[in-house]
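Here is the structure we will look at, set down as structure tokens.
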Amino acid sequence: MSDVDLLTRELARGGLTPGDVPHWALVTGAQATADLGRGEGQKIHCDCVQIPYHDLDGSPIVDAGLPFARYHLLQAEVVIGGKYLSRQGSGGHIYVPPRLRELLASMADADQYLVVADGEKEAEALIKAGVPAVGLASITLWHDVAAHRAAQEEAQAAGKKIHVTKDTPLHPELLVLFQELGIRTVVAMGDSDGKPEVEEFFTPDLIAKKTFKVIGNKQEAISSAVANASVFFSVKALAGALRKAGLQETVMFCPWAEGKKADGSRVLDKQGAGDWLLADGADAVRHAVEQRVAEHQEKAHARPPRLITGQNSDFALDGHGFIPLGVKDASNAAFWSLRAGEIYEINLTKITNVQGLLPLVPLESAYDLWPKVNEKTGEVSANVPSAVNDLMQTSLARGRFSLSAVRGAGCWPGDQPEDLVVNGSDGVYLLRSGEPPKALQPCDPGRKSLYVSRPVGPKVVGDEMAAAADIMNLVRFFQNWSWVRPRTDPLLLAGWILMQALLGTLQQRPHAFLTGESGAGKTTLVNILRSLLRGSMIYSEAGGESSAAGVRQRMSPDAITLILDEFEPDKKPSRFGQTSSIDGIFSILRTAYSSHADAVDDADGALKGTQDGKRGQVYRSIFSCLMAGIQMSTLDQADRNRLIIFELLKLHGGVVPTLPDAESLGIGLRRLMWSRWSLWRHRHADVLAALSLGSPASDARTKESLAPPIAALACAIFGPDQDDQASAFIGEMIPLVVEDHIEHAAGGSGSNETDQEKALRRLLSANVVVEDGEGGRTNRTTMPLARVIVGSACFGDQLAYSEDQYDRALQLVGMSLKRKDAGWALFIGRGHSGQDAVAKAAGYPVALHQLLGRLPGVDDARALIGPSRYRGIMIPMEPLIFKDFAAEMRAFRDAQNGGLGAASPDEDPFAMPFH
């Protein structure tokens, strides 16, 4: 039998054809096994019907990163785990037929209702018959499975046991459907072995027993029936939960089939929605359902109406009340407290007295909003049931509340593409180009987003704004440190700082790792970065000891910077048998790296358990992190691609660089970036295009990580009328970044640093004793060998009996600086006793000549070290030791004179120092 015939036969059992469900497909057992991720012992050996799940708008439902589907196995004898299977670990979902919205649109608003049926086939068959319906994977799966599981675990820990009842929260997807469709009448439809047509069929005594096999019926024509208690109570609990959720017009309904026994007496037979449609036809079924809905609505309308004040403007209470935000699930709703400026999540079903209302309103206001008068005494109190009903109805009217709407400190996208909203320490402000900041209310019912106050937030209003020259000076200031990649690291670090001003608006937020040996200046540099970012930064001086939960809870939902100092790898197992929390922190950094919160509800959130164990919490991570440590953690390549690695060497020492008014400069840098937001989109696109052209084969995420700091530099340095200069800058910088951070990335698989180059780099970073004075020890200090070399070139005379402190320091370690071919070279003599200490400091306990002598351009030579002549090697200063020795000498002289390497009046302020 062909696949088409097999699928047609299977669908016909439920009254369907392949044309009714064109998105369903017949797949082989091998395909189903692969789709479901089943192992060797769990293979499926029969054909299956693949039933994909979509949301109301027709988009695939994604579960654990994959489109969700259920698979109906067509041969019961090979069923593994049930007739229907879904991927292990996936959550339960609601099946929404694609034609549902179209069918409801064809009905008058007053006639609209929605059937919640048992199964996907039943839902599609009802839709075909003109009955609007959605399907449950099982009639027992109408509830929030995760919330119920957490409640079961809590009860079990207390020695108790709980079941699914009407108090169990509804499935969140069901609530969303009711709210989006505006449905008020719901039909809970199980198989007929669950509930007969007449609700009074079961006597209270019979229901109380909850177990029954044969039932005597009051009707003379029917003698007995077989009933399934579990189905009945599941439908009954579903109806009760729907009513508690505010859907008062909920109907339980599915008529039984009638059959005959051998003796001619009639019995009630099991019947599902599909069986009913095949037996009685679409018209009869539709008429029966609509008649039952009409009867129920007539009874409901006969009851006196409740007083609903859901749109009561007095909820604001002149700034002392609250704003309803919407429902979280069947029991919980969220409210914005105007008094506290925060969100309160309240389980409305647990409010049993007026004290439960106090988080929202003062006591007197509760009496005014929901008065209850004692007829005997005239005393006024609060009608708590009316208040709870009012709050639930109001919350349902607002729809589902999503944590993706909550925004903390930092900068966020506005409603218009070129708008920014900054949630700062001085308030929430809308920033538009050419206009003064406009104050916004943190919570506005007419706006999608709301802004919670946070302990840390940038200051928004003020006059300080940095200029391009400030950024140039900052780059030159960073050049006081010695970098493994001196051409690009000072630029990328400045760009990374500028990027921090826009974190909440960015699609990619690369993190940074600052590493280097002890004495390389990490602590000084981290303190400078803290000052530059103060006001929108969280700092931990024991970053390696921070817990993943602590990082997540402190940073959510802020779009600010996190600095983790002393972030060292530690793989020692804890007393609980777990490894270091560093791995957990990197998992949070992956989430924080990218964001699509506005495109998909809670897409960038991580579901984590709460302390009470009742309900998972969505934590949004929207921050950028700088880690600093001597050693880098062992990283997966995917994590390394999300990092910009800055590696310091011990090449410059002595004077500690300082940056006066760094905090004010940081505020000015933030304001400059906010003013240039309109440039971001196309400049970021230009940088990405240039990176793709410069390194087409490299990983896309690596380029996405490098693009934001470069784009931030291009936005901050060049204004809207300087696109040509910005393009030239990008064109000059990209090849250097590709070479340094992609082709020769520190510690990456593409690094091609030879053993000889590594040995020279470590030798140059080794500390050397420098004595100031004529052989005295009154002013003795240590500094990296490379700095001593530069000092000798700047201030020494390279004579046999030189009095210069740098010349003498070189001679003591068996080295001297020489002129060679109109340039400079470092001579290292063989056999000099002073080299042992510096070689050990570099990590090489033996002489380095064998390694260094194989560097390109190194020659054997004889030369003086002080008054004695030695055999040794001559290492050219350029390019082996420095890319630009003259620039190093200028920087050294500036530092000696107390300067910061700022641009002189004769220099072009826009000429970036790419040396």
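From a predicted model like this one, the values you see are computed outputs, not experimental measurements.
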Return the set of residues passing side chain to side chain donor-acceptor pair (under 3.5 Å) with Arg701 (not counting sequence neighbours), or none when no residue passes.
-> none
So, Asp565 side chain and Ala542 main chain: donor-acceptor pair closer than 3.5 Å or not?
-> no
Quick one: side-chain contact (heavy atoms from CB on, under 4.5 Å) partners of Ala707, sequence neighbours excluded?
-> His684, Val687, Leu688, Leu691
Considering residues at least two apart in sequence or located in another chain, which fulfil the side chain to side chain donor-acceptor pair (under 3.5 Å) criterion with Arg554?
-> Asp558
Apply side chain to side chain contact (heavy atoms under 4.5 Å, CB included) to Met627 and Leu589, showing your working.
-> CA-CA 11 Å; Met627 295 151 280; Leu589 298 187; 3.8 Å; yes
Do we see a donor-acceptor contact under 3.5 Å between the side chains of Glu647 and Thr515?
-> no
Asp661 atom CG, neighbour heavy-atom count above 12 within 6.0 Å = no
Sequence-distant partners of Glu342, side chain to side chain donor-acceptor pair (under 3.5 Å), two or more places apart = Ser453
In short, Ala512 meets Phe646 closest at the heavy-atom pair CB-CE1, 3.8 Å
Answer yes or no: is there an ion pair linking Arg487 with Glu739, defined by an N-O contact shorter than 4.0 Å?
-> yes
Any chance the side chains of Asp489 and His741 put a donor and an acceptor closer than 3.5 Å?
-> yes
Test item: Thr505 side-chain N/O and Leu502 main-chain N/O as donor-acceptor pair under 3.5 Å = yes
So, for Val421 and Gly414, which heavy atoms are closest and what is the spacing to 0.1 Å?
-> CG2-CA, 4.0 Å
Identify the two heavy atoms, one from Ile563 and one from Met537, that lie closest to each other, and give their separation to 0.1 Å.
-> CD1-CG, 3.9 Å
Could you check whether the rings of Phe729 and Phe718 sit parallel, tilted or perpendicular, using 30° and 60° as the cut-offs?
-> tilted
List in chain and number order the residues that pass side-chain contact (heavy atoms from CB on, under 4.5 Å) with Thr702, two or more places apart in sequence or in another chain; answer none if no residue qualifies.
-> Asn641, Asp699, Leu706, Ile742
Donor-acceptor under 3.5 Å (Trp481 side chain, Phe477 main chain) = no
Among all residues two or more places apart in sequence or in another chain, which pass the side chain to side chain donor-acceptor pair (under 3.5 Å) test with Tyr429?
-> none
Between Tyr593 and Ser624, a side-chain donor and acceptor under 3.5 Å = no
For Leu525 and Trp483, which heavy atoms make the closest approach, and how far apart are they?
-> CD2-CH2, 3.5 Å
Could you verify whether a donor N or O on one side chain and an acceptor N or O on the other, from Ser536 and Arg670, lie under 3.5 Å apart?
-> yes
Is Arg530 positioned over the aromatic face of Tyr539, cation under 6.0 angstrom from the ring centre and no more than 45 degrees off axis?
-> yes
